[in-house]
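Presented below is the structure to which this report refers.
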There are 2 protein chains.
Amino acid sequence: MATGRTHRPATRSRGIPEATVARLPLYLRALTALSERSVPTVSSEELASAAGVNSAKLRKDFSYLGSYGTRGVGYDVEYLVYQISRELGLTQDWPVVIVGIGNLGAALANYGGFASRGFRVAALIDADPAMSGKPVAGIAVQHADELEKIISDNGVSIGVIATPAGSAQQVCERLVAAGVTSILNFAPTVLTVPDGVDVRKVDLSIELQILAFHEQRKAGEEAPPEEETAPPVAPPAATVKKRTDPGSDGDVPAVMPA
Amino acid sequence: MATGRTHRPATRSRGIPEATVARLPLYLRALTALSERSVPTVSSEELASAAGVNSAKLRKDFSYLGSYGTRGVGYDVEYLVYQISRELGLTQDWPVVIVGIGNLGAALANYGGFASRGFRVAALIDADPAMSGKPVAGIAVQHADELEKIISDNGVSIGVIATPAGSAQQVCERLVAAGVTSILNFAPTVLTVPDGVDVRKVDLSIELQILAFHEQRKAGEEAPPEEETAPPVAPPAATVKKRTDPGSDGDVPAVMPA
DNA sequence: CCATCTTTGTGCACGCGTTCACAAAGGCAT
DNA sequence: ATGCCTTTGTGAACGCGTGCACAAAGATGG
Ligand SMILES: NC(=O)c1ccc[n+]([C@@H]2O[C@H](COP(=O)([O-])OP(=O)(O)OC[C@H]3O[C@@H](n4cnc5c(N)ncnc54)[C@H](O)[C@@H]3O)[C@@H](O)[C@H]2O)c1
Ligand SMILES: NC(=O)c1ccc[n+]([C@@H]2O[C@H](COP(=O)([O-])OP(=O)(O)OC[C@H]3O[C@@H](n4cnc5c(N)ncnc54)[C@H](O)[C@@H]3O)[C@@H](O)[C@H]2O)c1
């Protein structure tokens with residue numbers, strides 16, 4: 001999961017587990033594809049396969065929404081699309097602002113899949129005066145001074161942060177003060193927000209590091225004893241550390257205990 | 001989480017829980033910031049706060065790595081940076097290819113945080129002949145025909161997919177066949193890969209939908225009885241559905257049982 | 001109307017992850 | 001050297017998520 005909620009004691013919202021909520025968009029995507037091919041019904045097995053999950057999990061997920069589906073037949077595609085859309089709140093329009101129209105922000109603004117699901121880019125905001133008025137993806141960039149007014153005028157409750165990390169917390173606070181209660185953060189920083197505000201983050205660097213970990217592990221399994229480069233840092237602090245795990249002793253650790 | 005592994009029975013790699021691995025980059029980022037400020041040691045409480053997690057969780061996470069840290073004092077920042085880097089496999093260089101140099105791919109190529117942690121963009125690959133040779137972020141884009149040769153020549157094991165959804169599976173298969181064993185997928189599709197290949201996905205649309213869900217829930221709590229727009233789809237399939245949950249009956253569902 | 005066959009919905013058990021709470025460890029002052 | 005004070009490392013309890021396996025539901029054919 002490139003994803004991750006921040007804070008909030010994992011309250012099961014309205015009885016629907018968080019893990020299930022996170023999968024509903026996957027089901028919806030698969031169902032939309034079926035719908036476009038005019039497939040009338042689909043079994044849990046087929047749909048699960050299309051969404052890349054276990055069929056038992058899918059059935060359990062749907063059971064939290066209600067008892068849609070017909071035994072011996074499956075699920076009515078159109079009906080299920082509607083039910084999930086409604087559950088996710090996609091039957092209404094969500095105006096979204098993007099703050100920080102640099103490389104990433106511009107790419108996001110140009111992203112078609114944005115509008116495809118009820119999300120409407122209400123404004124693009126940047127602090128650079130040179131950007132003001134410049135059209136990106138057909139929308140004129142507005143200056144950060146206007147942020148509060150834009151949020152308020154458009155009733156925006158979802159904000160996307162694509163500024164440098166150093167500005168992210170400050171932008172976040174302004175967004176929240178102006179009324180935004182959900183934030184999608186692309187900047188590599190931990191955002192601190194008041195209760196009642198949801199933050200989700202997307203961090204490319206973290207994803208790559210997780211992949212690197214597994215990659216190293218795969219490589220280490222087939223070629224166990226390899227020499228490590230010189231130890232770039234000194235041992236702990238004052239006294240020399242005595243390691244608890246046997247085998248490697250303190251300073252220059254072997255690549256992996258395998 | 002914008003993130004999510006695909007397949008693989010959640011094998012605890014080398015005893016380090018997957019959830020812990022996903023947090024190590026967070027700790028590393030916080031530690032790097034401390035290191036730049038020349039802070040010598042840090043307590044679990046401080047570091048946890050900087051990383052946005054619980055201090056008990058942090059200590060347990062570190063306990064999987066070994067017994068670094070000094071009771072009564074805390075952790076040596078430099079030493080811990082090295083240990084986590086080593087654990088994540090960041091002491092070595094990871095050549096990465098990006099496939100699909102459109103809006104997003106170009107933004108990724110321009111992303112500085114890429115190289116900052118041992119990840120080196122080995123090549124940019126696109127199928128559009130018009131892109132070939134064009135420099136993006138100082139690197140000439142290469143044609144997709146060269147994909148296999150590039151992977152092989154550079155020993156690339158990590159690939160980033162930023163093509164349209166329709167091409168993603170095909171690109172994925174070529175990457176895997178050429179020797180890539182870790183994939184970061186930005187296309188909104190479920191990728192099917194053989195065992196031994198790790199896939200992580202980043203999906204903006206899914207993140208927004210999850211936020212919308214919670215946003216709707218927040219809004220629904222303060223204004224319970226609101227009228228829904230007309231039911232856009234017909235009831236289930238053949239016979240009229242009898243809903244199991246009481247209150248709303250079948251067809252036009254009330255907004256929320258609250 | 002009845003039998004059969006398919007597929008849902010879910011009770012249950014298990015394992016992972018989180019959190020609490022505390023004993024052990026070590027620095028530091030006296 | 002001794003005692004105090006801080007902070008780690010972890011045992012244990014708990015809760016959530018996952019997957020199995022099956023009974024119930026309903027469609028379909030005769
Ligand atoms: N480019 C990527 O692929 C990528 C990937 C992962 C993460 N990120 C992160 O996303 C963020 C943006 O990346 P980028 O490559 O687009 O950077 P960028 O420098 O190209 O763009 C940043 C933009 O934010 C604007 N900005 C700065 N401070 C602001 C403020 N206070 N209010 C409003 N706007 C402000 C700047 O004027 C600039 O246009 C960074 O935090 C980066 O680490 C980028
Ligand atoms: N732009 C965003 O912010 C954003 C956000 C989330 C997800 N995505 C997803 O990321 C992907 C890329 O988005 P984008 O906006 O950059 O699209 P884009 O159309 O701008 O770029 C796609 C690029 O991929 C290339 N391509 C197509 N088929 C290829 C193939 N078989 N091999 C190699 N290259 C190929 C095209 O030539 C093009 O340059 C899409 O799947 C999109 O849904 C984009």
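Residue numbers start from 1 in every chain, and the chains themselves are labelled A, B, ... in the order their sequence lines are given, proteins ahead of strands.
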*asked:* If you go through the side-chain atoms of B:Arg71, does one of them form a donor-acceptor pair with the base of D:dT7 closer than 3.5 Å?
replied: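 Checked by distance alone, the answer is no.
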_From CA spacing to verdict: side-chain hydrogen bond (donor to acceptor under 3.5 Å, both in side chains), A:Arg59, A:Ser44_ = CA-CA 7 Å; A:Arg59 287 199 299 276; A:Ser44 65; 3.0 Å; yes
Below the 4.0 Å mark, does [N] have OP1 or OP2 next to a side-chain nitrogen or oxygen of [X]?
X       : N      : result
B:Ser67 : D:dG9  : yes
B:Tyr68 : D:dT7  : no
A:Tyr64 : D:dG17 : no
B:Ser43 : D:dT7  : no

Send over the distance from [X] [atom1] to [N] [atom2], rounded to a whole Å.
X       : N      : atom1 : atom2 : result
B:Lys57 : C:dA21 : NZ    : P     : 17 Å
B:Arg59 : D:dA12 : CZ    : P     : 17 Å
A:Asp61 : D:dC16 : CG    : C1'   : 13 Å
A:Arg23 : D:dC16 : CZ    : P     : 15 Å
B:Glu45 : D:dT8  : CD    : P     : 8 Å
B:Asn54 : C:dA21 : CG    : C1'   : 12 Å
A:Phe62 : C:dT10 : CZ    : C1'   : 16 Å
A:Leu80 : C:dG9  : CG    : P     : 10 Å

*Step by step, would you call A:Glu173 with A:Gln169 a side-chain hydrogen bond (donor to acceptor under 3.5 Å, both in side chains)?*
CA-CA 6 Å; A:Glu173 282 162 16; A:Gln169 179 63 44; 2.9 Å; yes
Looking at the side chain of [X], which of [options] is the nearest nucleotide?
X       : options                : value
B:Ala56 : C:dC20, C:dG17, C:dG9  : C:dC20
B:Glu18 : D:dT8, C:dG17, C:dT8   : C:dG17
A:Thr70 : D:dA27, C:dG17, D:dT18 : D:dA27

*Verify whether the ring centers belonging to B:Tyr68 and B:Phe62 lie closer than 6.0 Å.*
no
_Heavy-atom nearest nucleotide on DNA chain D for B:Lys60 versus A:Thr20: which residue maps closer to 5'?_
B:Lys60
*Please report the C-alpha distance between B:Glu78 and B:Tyr82 in whole Å, then the side-chain angles of each, then the deciding distance to 0.1 Å, and finally whether the side-chain hydrogen bond (donor to acceptor under 3.5 Å, both in side chains) criterion is met.*
CA-CA 6 Å; B:Glu78 297 297 332; B:Tyr82 171 64; over 6 Å; no
_Stepwise side-chain hydrogen bond (donor to acceptor under 3.5 Å, both in side chains) check, B:Thr32 with B:Glu36_ = CA-CA 6 Å; B:Thr32 304; B:Glu36 280 166 5; over 6 Å; no
